[in-house]
Number of protein chains: 4
Amino acid sequence: MAQIGTRRERRAAERRRQILEGAARVFAEKGYHRATTRDIAAAADVAEGTLYNYFASKDDLLMGLVGELAQLDRQQAMLDEALDQDLGTFFRTYLAYRLGHTSPYQNLLAGIVPELVHHPELRERYSRDFIQPALAMIEGHIQRRIERGQLRDVDGPLVTRLLISMMLGLQMLLIMGDPVSQDAWSHPERLINTLTQMIIEGVRQP
Amino acid sequence: MAQIGTRRERRAAERRRQILEGAARVFAEKGYHRATTRDIAAAADVAEGTLYNYFASKDDLLMGLVGELAQLDRQQAMLDEALDQDLGTFFRTYLAYRLGHTSPYQNLLAGIVPELVHHPELRERYSRDFIQPALAMIEGHIQRRIERGQLRDVDGPLVTRLLISMMLGLQMLLIMGDPVSQDAWSHPERLINTLTQMIIEGVRQP
Amino acid sequence: MAQIGTRRERRAAERRRQILEGAARVFAEKGYHRATTRDIAAAADVAEGTLYNYFASKDDLLMGLVGELAQLDRQQAMLDEALDQDLGTFFRTYLAYRLGHTSPYQNLLAGIVPELVHHPELRERYSRDFIQPALAMIEGHIQRRIERGQLRDVDGPLVTRLLISMMLGLQMLLIMGDPVSQDAWSHPERLINTLTQMIIEGVRQP
Amino acid sequence: MAQIGTRRERRAAERRRQILEGAARVFAEKGYHRATTRDIAAAADVAEGTLYNYFASKDDLLMGLVGELAQLDRQQAMLDEALDQDLGTFFRTYLAYRLGHTSPYQNLLAGIVPELVHHPELRERYSRDFIQPALAMIEGHIQRRIERGQLRDVDGPLVTRLLISMMLGLQMLLIMGDPVSQDAWSHPERLINTLTQMIIEGVRQP
DNA sequence: TATGAATGAGGTTTCATTCAT
DNA sequence: AATGAATGAAACCTCATTCAT
């Protein structure tokens, strides 16, 4: 069975990956600005000059990482299957997926996200490749549930944001070292239950 | 009419404020690392050397800003009054307060928060002076509501985090330029209503 | 009994002394370049600005110190009395005087001397006010001893230099922490004896 | 004919030398503190940043120079051969060596020595690599001469110091611009004769 | 294509000196 | 005359990027 591309191309792609992985590790550990190209080269086990054969600049490396991230997150298929399950199972499935799949990138995200704030081009790309698709997917599911009468007639797009926000915000509290959040994060089942119940039923005493 | 401190002391305090304000503007605009001491001095309209008469280092300036922030957030009194109101009014009051009071610092926070991720000392201080008190205050209120039977017997501390997380996460989506979040943020009343309803009643079709 | 100068003049002279003493302490401890005007002002217990009412610059302060030093060293009279004593007593007297009188300035000298090397103006002044008079005085004594036939017909000026050099060089070894030299310096009598004997009789087995 | 090390290693060593030479020139001319890294880079004909590829700091450059100096001074062999010669020849040989070999570094020493006074780490290294070996070597020779009865039963270690001190002190007078010392230094033969005679026979009229 | 030494712009910080009070 | 905050030039050093090998 033929491989994709020539041997040269495959080797180049491999190098690229190797560099991105090194960069990811260093960005995660030190953050973008405190990571030097020397650090990155060392982490990727190549010479500094080699970086520039694959990426135009340190900045471009960051952009490349966002591109990789986007490809990592392929959740659609999984959730489509959950469409016909009951509401509780649906949320539980989704939350479990999020927890399981973002934890590994947690550090990398912590290295990239701060950069987004003051880096419009990066932010736009991150948003386009990563955030918006995720939002759209959830939004679609929510919308269909509303149409089916499983949800109150809520503001779908906004509720989607609030749902995602809970996870995002919790990750921030995590980063800030809040012990309760850390405890919650390390007991996913309990966290998922509380979250699901809260989203579906609210906090009110019935 | 007596002033506080000698004239010299007042002038020094005034200078300090002037520098912090300049730094806040520049950090908000460019982020910590891209902000140069030259930028900061220019924004504060002092010489570069003057910065160092008031702060030991650029880093210390950042720490100073967190200190200022902590003093800006005095919400306790406000919420205590809301204790005896019904659940909806309580949340609505709190959320309105948060929205009203953090919007002005939105930019400054965007300048500081990214730094927290890879700056343990800063993070600890920010957490101690700013996050934990806010969490503790909300947590206390939630707890008392539970005791009074106004809320289900939820996990108080965790629900507190999820509540705060919604706001934090929404701010992140805002920063990332999500149009729906921006729209929501600029119509506070609608946002508050949706949030309150979601928190209290959940999304389920009753 | 009348004082010299008006009260104002006396007070100014007193301030000048106070500043020079502070500078001497700091230069001795840190060396000229590492001593800041802030250090000096603190040591002299005046404000930084005050320094400049008495000295034109930090450099001028150094020059002022050399001037003070020159006045401290008044050895002529003492040695003139030793003229008629025998050779051994003469050297012994002189060496004892040197040891006794330069030890207190040891530190100050260590603060100033390094600066001489690359500071022509200072060096010239130091040489003129301090070194050359001392050399001339010893040289005169040596010359008279030669004329009286107490010494071989040596090269008077050069022998004078070698004599002084022994003391200077020993101080350098002292500064460099050579333990033998430190030990010698702290047992002046033994040092004086060895030196005197060596100068007069040489090292040869008779 | 094989060279030592790879080509790259040889180039690096060459660069290192080039930088040290530049630094030596500038330190000799201006002294350590007045020499800027910019000066040094210009003198070595490299970019400022290049300095830091070879030395960790300006301070480290100074340490490097001391290291070089230490290697320049290999006098043992020479003197061992002089062991069996008569006393006068021995001293004459040694002094001639010192004069011949330190004159070229005179300027460099003048750039480094002042720094020793207030720089403990540098002083220790200079003492260990440079002063103490020289002292030990002379001391050994003196001691053996005493044992053979060629010298009076003098205090060997102390006499060694006084011997070295003469040379050190004379160099200081030289630095300070004393004309007699300069004249002596530029007529080595006469200087050596006077010194040797003074050391061996003393100044007394026999 | 891979290397890593060389580059130099630009960063933070220090400190002698000035000057309004 | 004394003060000490303000000043800004200049220092040391870092690091993204280039380029000869």
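We name chains A, B, ... by the order of the sequence lines, and we start the count at 1 in each one.
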Could you work out, with side chain to side chain contact (heavy atoms under 4.5 Å, CB included) as the rule, every residue matching D:Val117, not counting sequence neighbours?
C:Ala110, C:Pro114, C:Ile175
For A:Phe55, all residues meeting side chain to side chain contact (heavy atoms under 4.5 Å, CB included), sequence neighbours excluded:
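Here the qualifying residues are A:Arg16, A:Ile19, A:Leu20, A:Asp60, A:Leu61.
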What are the residues of residues 110-117 of chain C, sorted by number, that bring a heavy atom to within less than 4.0 Å of DNA chain F?
none
Looking at residues at least two apart in the chain, or sitting in another chain, which of them share a ring-ring contact (aromatic ring centres under 6.0 Å, His included) with [X]?
X	answer
D:His33	C:His33
D:Tyr54	none
D:Tyr32	D:Phe27

For residues 110-123 of chain C, which residue pairs pass the salt bridge (Lys or Arg N to Asp or Glu O under 4.0 Å) check, not counting sequence neighbours?
C:Glu115-D:Arg34
Keeping to residues at least two apart or across chains, list the salt bridge (Lys or Arg N to Asp or Glu O under 4.0 Å) pairs with something in residues 38-56 of chain C.
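Of all non-adjacent pairs touching residues 38-56 of chain C, those that pass salt bridge (Lys or Arg N to Asp or Glu O under 4.0 Å) are C:Lys30-C:Asp39.
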Per-nt protein contacts along nucleotides 14-20 of chain F (heavy atom under 4.0 Å; B base, S backbone sugar-phosphate only, - none) come out as BSBBB--
With pairs taken as Watson-Crick or G-U wobble and both distances under 3.5 angstrom, which stems of at least three consecutive pairs involve DNA chain E?
E:2-21 with F:2-21
Among the candidates E:dA2, F:dA2, F:dA5, find the nucleotide nearest to the side-chain atoms of A:Arg15.
E:dA2
Just jot down the salt bridge (Lys or Arg N to Asp or Glu O under 4.0 Å) partners of C:Glu21, sequence neighbours excluded, or say none.
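Testing C:Glu21 for salt bridge (Lys or Arg N to Asp or Glu O under 4.0 Å), a comparison that skips the adjacent residues, returns C:Arg17.
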Pairing residues for C:Arg125 by the salt bridge (Lys or Arg N to Asp or Glu O under 4.0 Å) criterion, not counting sequence neighbours:
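For C:Arg125 the salt bridge (Lys or Arg N to Asp or Glu O under 4.0 Å) partners, ignoring immediate neighbours, are C:Asp129.
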With a 4.0 Å cut-off on heavy atoms, is C:Phe55 in touch with a base, just the backbone sugar-phosphate, or nothing at all?
nothing
Taking atom OG1 of C:Thr37 and atom CG of C:Leu51, what is their separation to the nearest 0.5 Å?
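With rounding to 0.5 Å, OG1 (C:Thr37) is 6.5 Å from CG (C:Leu51).
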